[in-house]
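The first residue in the sequence is number 1, and the count goes up from there. Order of listing sets the numbers, starting from 1, for every ligand and every atom in it.
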Amino acid sequence: MKINTRRAAFLVIFEIESRKNVNADALMEKYHHKLKKTEDRALFVELVHGVLRYKNILDYYINFVAKKGVKDKKILNILRIATYELLFLDKIPDYATVNEACELAKNVNKNQKDFVNAILRNIIRRKDEIEKALERVKEVNIKDFLSIKLSYPKFLIDYLEKSYGFDKTVKILEFLNTKPLQSIKINTKKISQAEFLKKLEACGYEYKVPELNREIVYIVKGNIKESELYRDGYFYYQDLASSFIVKWNRDDFEKASSILDLCAAPGGKTFNCAEVTRGFVVSCDVNKSKIERLRENLLRLGFDNVVVAENDALTLNEDFVGKFDIVIADLPCSGFGTIRKKPDIKWNKTKEDIENLHELQLKMLDNAAQYLKEGGIIFYSTCTLGHRENEDTVLKFLEKHKDFSLISQNTIFPDEYKCDGFFIAKLKKEGNV
Ligand SMILES: C[S@@+](CC[C@H](N)C(=O)[O-])C[C@H]1O[C@@H](n2cnc3c(N)ncnc32)[C@H](O)[C@@H]1O
């Protein structure tokens with residue numbers, strides 16, 4: 001069935017809001033395929049991510065003119081999409097936005113078409129007045145203002161402020177609202193950096209290479225997944241931050257004879273290890289379908305020094321005890337560092353989730369500790385920000401495991417490194433390897 005771009009965006013946003021723990025990427029992928037034109041696909045992503053990124057400010061505008069609020073969640077989301085267009089997308093004329101929203105509303109609830117029309121026309125007419133009212137919020141309570149203007153839940157602003165202070169938190173939150181470029185890592189087992197960039201240019205892709213890792217490439221324009229460079233296994237998807245574990249500790253990975261990647265899918269760190277190590281990598285995950293995709297990627301990339309296994313990191317695996325020089329514990333986390341790519345994270349994580357994840361990380365690290373040989377190293381990492389899942393997890397681990405010492409811990413601040421937010425701790429077990 002042919003589907004209209006705004007309707008697809010509406011269905012995705014509505015489902016993400018209505019169900020907890022929806023896999024937003026998978027849902028978006030489903031509708032992305034149904035849209036045939038490149039420009040429709042681009043607008044679809046823009047609308048879904050835009051609404052999720054700026055939900056609070058969109059609601060502020062809508063509620064300002066709809067004095068009694070908007071109770072019908074479907075109508076509210078149609079209004080959010082249109083308001084996002086009005087505030088953030090200059091290229092779409094206002095009349096087109098209003099018409100499209102009214103059409104969509106008509107299909108959802110015939111009686112609400114005029115209401116949608118009236119709200120949007122009011123927003124267009126009263127934009128300056130609404131902006132001024134928002135400035136007044138700033139004078140009264142700066143955190144309320146930020147929660148609206150930058151669109152983050154208040155608990156997250158408070159939580160990050162406790163960890164990093166107010167000014168740093170604002171910088172982080174502003175950066176996490178920017179749109180990321182596609183980030184890929186060159187597979188240096190198959191091709192050199194220079195050769196790869198030549199091929200990229202020959203295929204007509206615009207790109208940038210970050211200073212901090214010249215094997216990472218940002219694709220400025222074009223869908224590189226559809227190119228033969230992908231099919232030939234010359235690269236895999238990876239953010240700059242995520243590449244630092246192996247990049248900054250290359251010597252350890254080169255000389256290790258056995259490496260365990262405890263929570264490996266989709267495989268970024270496994271691939272990094274496979275590129276540099278003289279030993280072998282055991283790459284585990286608990287999720288069957290993710291493991292399948294990991295296997296497919298290993299074949300595509302041509303790595304023959306990786307064994308994939310289904311394994312639950314929460315249960316001690318006797319076969320692994322004392323076997324590894326390095327354990328990568330890149331563990332499940334709240335993912336606040338990846339909000340640029342997954343803005344739904346802003347709204348689907350709670351304080352309780354942070355606590356539960358901290359406990360889960362500690363249990364998984366207990367098992368990781370047992371899998372190491374004497375003198376081995378755990379690289380504990382998360383793609384989140386905030387002390388509870390990072391420094392606090394490390395501290396609690398060290399209190400319990402007196403035979404470990406902390407070699408280093410680093411927060412990759414997204415606003416400084418211009419990439420995802422990330423945390424890496426290097427923990428060494430007593431003894432000689
Ligand atoms: C942060 S991601 C790992 C990213 C990966 N290391 C990479 O570089 O591409 C966390 C992974 O943990 C997996 N996971 C969640 N619970 C797990 C468990 N109990 N045992 C093993 N893996 C688990 C998830 O399926 C997910 O793939």
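Proximity of Cys383 to ligand 1 is not established, as no heavy-atom distance is less than 4.0 Å.
At most 12 non-hydrogen atoms from other residues, nucleotides or ligands lie less than 6.0 angstrom from CD of Glu228.
Scanning all protein heavy atoms for the shortest distance to atom 12 (O) of ligand 1 gives Cys263 CB, 3.3 Å. Given atom 8 (O) of ligand 1, the protein heavy atom at minimum distance is Lys269 NZ, 2.9 Å. From the protein, the heavy atom lying nearest to atom 10 (C) of ligand 1 is Asp330 O, 4.0 Å. Val286 CG1, 3.4 Å is the protein heavy atom nearest to atom 17 (C) of ligand 1. Nearest protein heavy-atom contact of atom 15 (C) of ligand 1 is Pro332 CG, 3.5 Å. Taking atom 2 (S) of ligand 1 as the reference point, the nearest protein heavy-atom neighbour is Ala265 O, 3.8 Å. At the top of the distance list for atom 25 (O) of ligand 1, counting protein heavy atoms only, stands Asp285 OD1, 2.7 Å.
Ligand-side atoms of ligand 1 in range of Gly268: 7 (C), 8 (O), 9 (O), range being under 4.0 angstrom from any heavy atom. The contact set between ligand 1 and Lys290, taken as ligand atoms under 4.0 Å from a residue heavy atom, comprises 24 (C), 25 (O), 26 (C), 27 (O). Remark: ligand 1 atoms within the under-4.0 Å shell around heavy atoms of Ala313 are 18 (C), 19 (N), 20 (N), 21 (C). Using a 4.0 Å cut-off to heavy atoms of Asp312, the atoms of ligand 1 that qualify are 18 (C), 19 (N), 20 (N). Close approach to Asn311 involves these atoms of ligand 1, each under 4.0 Å from a residue heavy atom: 20 (N), 21 (C). Of all atoms in ligand 1, numbered sequentially from 1 with element shown, those under 4.0 Å from a heavy atom of Gly267 are 7 (C), 9 (O).
In Gln238, neither the side chain nor the backbone holds a heavy atom less than 4.0 Å from any atom of ligand 1. For Ala264, every heavy-atom contact with ligand 1 shorter than 4.0 Å involves the backbone, none the side chain.
Ring centroids of Tyr380 and Phe397 are separated by 6.0 Å or more, keeping the two rings apart. Aromatic pair Tyr237/Phe235: centroids less than 6.0 angstrom apart. Ring-centre distance between Phe88 and Tyr54: below the 6.0 Å cut-off.
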Pair Tyr417, Phe244 - check ring-ring contact (aromatic ring centres under 6.0 Å, His included), show working. CA-CA 11 Å; Tyr417 288 78; Phe244 286 148; 5.8 Å; yes

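Arg295 has a carboxylate O that lies under 4.0 Å from a charged side-chain N of Glu292, or vice versa, which qualifies the two as a salt bridge. Looking at Glu275 and Lys189, no side-chain N of the basic residue comes within less than 4.0 Å of a carboxylate O on the acidic one, giving no salt bridge.
Among Lys396, Arg388, Glu389, the one residue that satisfies the side-chain hydrogen bond (donor to acceptor under 3.5 Å, both in side chains) test with Gln361 is Glu389. When each of Asn272, Asn297, Thr270 is checked for a side-chain hydrogen bond (donor to acceptor under 3.5 Å, both in side chains) with Tyr236, only Asn272 meets the rule.
Taking the six-membered ring where the residue is Trp, His32 and Phe44 present tilted rings, their angle falling between 30° and 60°.
Between Met364 and Cys263, the shortest heavy-atom distance links the atoms SD-SG, 4.1 Å.
An N or O contact shorter than 3.5 Å is missing between Leu331 and ligand 1 by distance.
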